[in-house]
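Values below: all heavy atoms of this structure, side chains included; hydrogens, waters and symmetry mates excluded.
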Amino acid sequence: MPGGRASCGPRPAAPGSRTTRLELFYDLVFVFAFVNVTTLTANRLTPANLYRCLLVLALLWWLWTGFARLGNAVRADQGLLPLVGFLTVAATFLLVLSVPGAFVDAPGSLNGPLVFAACYFVIRAAQLAVLGWMDWSDRVLRRRLLPRVVLPAVATALLVVAGTVPQRLADRPVTVALQLGLWTVALLVEYVGGVILAQGWWVVVSAGHWAERHALMVLIALGESIIALGLGPKTGLPLSGPVAIAALLGVLVVAMLWWAYFDTLAYALEQALHQARDRAARLRLARDVYTFLHLPLIAGVILFALGLKDLLAESASPMTPTWGEPLGGFWVTVFYGGVGLYLLSLAGCALVALREVHWPLLVTIVVLAAVAPFAAPIPELVALALLTGLTTLGLLAGDVERKRPTEPGPAARAGGAARRGGGAEPLAPAAPVSARSEPGLRAPQSRTKTGTVTGPGNHGGGRAPGRRGAAAGRCGPATARRGCPRTSCRSRRRSWSPRSGA
């Protein structure tokens, strides 16, 4: 039995691990999910349908977060995990297919709400089964398995109750409010309960894996905007002048959104997670910066893609004026609100993880919010051009501000004075944190080309501790020739010779 478990069961992941190819295969389903989730609003443009779109997106995000936690805890491409992953991908694909009928059962097909709820529970149960297998040997963690199973069971039950609304009553305001309320409660059960219970069992094994998984998901969401540019709402679009202008403007906005995240911020967030040595601090960063703040970031991209679908469809219509119809209040909220939500999430990530306030991002958000009411009555292409210009100028200004040289601080001035002959010794630079290894409690050491170990506790490039020179409290030949600041070494400089060794 132990041998079978070791060969076929889940195997723990190692610190410094990265995203596997099998996990990338999982993410392919979410490419289709992001494309399909916007159909809830594209078919009927109402605030209730927009809220339905965001609810489904939040539940899909929670499912994907479960995949990310699973890949961070175990090797997803070893043992029986690939088979479990393939079955889970099939259930996820059925769930995504049922998204258009997730709230109301349509005649002539399977019960959409029940299919959605059943697939959701199967996916969550498979994730918890693998994690439970890993935690079964620990008595404390084994006791906490039951509450973790209760959460998806309660959420699934709420989704089933919300889906039992008859179709003839689906459009009544009271029915819509009750249904949306049940979905909201199911979402809160998963998020709030999951965050509370995760404090007792979840450990971020690999910071690089966790950061890379979320960066790839942002890239997938941006790719969904590109797909929306190419396909429109349902089919391909004729290449007319307004369509070409809208496509070019949309590509520019997507490129600037990519630049705002992947230029420096994504790497800085990963390094902040690497440098969080305490378990609770790392858990807090992984939860707040990635699980919570990346959700509105993804939602902002999806909202912008939703607006692009409708704008391109109207631009391709021969009945539409050259510059389009007036944008209107609803689509102003979708367009400008989506980009503003994305930028606000980036500013929140920088504030929580880096303790930095990105003023250019905040100023851009305020300008977009102030201009949005004036963009509602103007033609669609003009409003999109205005959004593109404001976003581009704001992000370029932030890039220039970030790369502008700053005045050196007191520590840097003190170090410069010491190098010019001052009394203070320059401060030693902090040891870099490798992006491929996890920070531990031991101080970093390195080995030179000659085999010399350097680091705290081994002074000035001398021999490694335990060698004859270090044991005698003296430095090596190279250090002695340069001159060592230690009093004991200065007292021995005249007595050193090549024959005497270190």
Side-chain angles (χ1 to χ4, degrees), residues 13 15-20 23-24 26-27 30 33-34 54 57-74 76 124 127 131 187 190-223 257-258 260-302 341-356 358 361 433 435-436 438-439:
S17 61
R18 309 297 288 190
T19 303
T20 63
E23 291 176 281
L24 296 178
Y26 296 163
D27 291 345
F30 288 90
F34 288 157
L54 296 177
L57 179 63
L59 281 180
L60 288 174
W61 177 255
W62 190 250
L63 288 178
W64 179 86
T65 302
F67 283 119
R69 290 183 182 182
L70 191 63
N72 195 264
V74 300
R124 293 284 287 120
Q127 295 170 355
L131 295 175
L187 194 66
E190 283 282 45
Y191 274 78
V192 177
V195 168
I196 294 175
L197 294 179
Q199 297 176 1
W201 67 272
W202 185 32
V203 177
V204 182
V205 178
S206 174
H209 173 274
W210 187 254
E212 186 180 23
R213 293 287 281 131
H214 287 77
L216 291 174
M217 188 52 60
V218 174
L219 194 62
I220 288 175
L222 292 173
L257 297 183
W258 179 93
Y261 182 83
F262 287 97
D263 180 34
T264 57
L265 183 60
Y267 178 75
L269 295 179
E270 180 178 347
Q271 290 302 306
L273 193 61
H274 272 291
Q275 295 170 8
R277 300 172 181 266
D278 182 63
R279 173 188 175 274
R282 177 175 286 196
L283 177 61
R284 185 168 55 253
L285 278 179
R287 178 195 63 202
D288 297 343
V289 175
Y290 287 98
T291 301
F292 286 162
L293 286 177
H294 273 60
L295 174 58
L297 193 147
I298 298 294
V301 178
I302 298 301
L341 185 60
Y342 182 92
L343 300 180
L344 185 62
S345 301
L346 294 182
C349 290
L351 179 62
V352 174
L354 310 177
R355 297 294 187 266
E356 296 178 358
H358 283 204
L361 286 179
V433 179
R436 297 287 296 178
E438 298 300 314

CG (D278) and CZ (R284) are apart, to the nearest 0.5 Å, by 7.5 Å

Do E356 and L351 have side chains that get closer than 4.5 Å, going by heavy atoms?
-> no

query = Does the E212 side chain pair with the main chain of E270, one donor and one acceptor, at a distance under 3.5 Å?
reply = no

Go through it in stages, so that I can follow the logic: the residues are V218 and W258, the test is side-chain contact (heavy atoms from CB on, under 4.5 Å), and I'd like the CA-CA distance, side-chain angles, deciding distance and then a yes or no. CA-CA 9 Å; V218 174; W258 179 93; over 6 Å; no

| task | State, yes or no, whether a side-chain contact exists between L187 and W62 at a heavy-atom distance under 4.5 Å. | result | no

Rounded to the nearest 0.5 angstrom, the CG-CG distance for L297 and L344 is 10.0 Å

So CZ of R287 and CG of L293: to nearest 0.5 Å the spacing works out to 11.0 Å

Here the gap from E190 atom CD to L63 atom CG, rounded to the nearest 0.5 Å, amounts to 8.0 Å

In short, side-chain hydrogen bond (donor to acceptor under 3.5 Å, both in side chains) pairs touching residues 288-297 with sequence neighbours left out are Y261-H294

Here the pair of heavy atoms bringing L54 nearest to A299 is CD2-CB, 4.4 Å

Quiz item: Given side chains that start at C-beta, do those of V195 and F292 come closer than 4.5 Å, heavy atoms only?
Solution: yes

Item checked: Test item: Y191 and L295 side chains (from C-beta on) under 4.5 Å apart, heavy atoms -> yes

The salt bridge (Lys or Arg N to Asp or Glu O under 4.0 Å) partners of R213 (sequence neighbours excluded) come to E23, D27

Heavy-atom closest pair (A198 atom, L283 atom, distance to 0.1 Å) is O-CD2, 4.1 Å

**Prompt:** Should the pair H214 and W210 be assigned to parallel (<30°), tilted (30 to 60°) or perpendicular (>60°) ring geometry?
**Reply:** tilted

Between T20 and A76, the two heavy atoms sitting closest are OG1-CB, 4.3 Å

In terms of heavy-atom contacts, A281 and A276 come closest through C-CB, 4.2 Å

- Would you find a donor on one side and an acceptor on the other, under 3.5 Å apart, between the side chain of N72 and the backbone of V204? no

For L346 and A260 the tightest heavy-atom approach is CD1-CB, 3.5 Å

Output for pair (I298 CD1, L60 CG), nearest 0.5 Å, gives 11.5 Å

For R279 and W202, indicate whether the former's side chain and the latter's backbone hold a donor-acceptor pair under 3.5 Å.
-> yes

Here the pair of heavy atoms bringing L285 nearest to A353 is CD2-CA, 3.8 Å

Side-chain donor/acceptor of Y342 to backbone N/O of L257, under 3.5 Å:
yes

Rounding to 0.5 Å, atoms OH (Y26) and CZ (F67) come to a distance of 7.0 Å

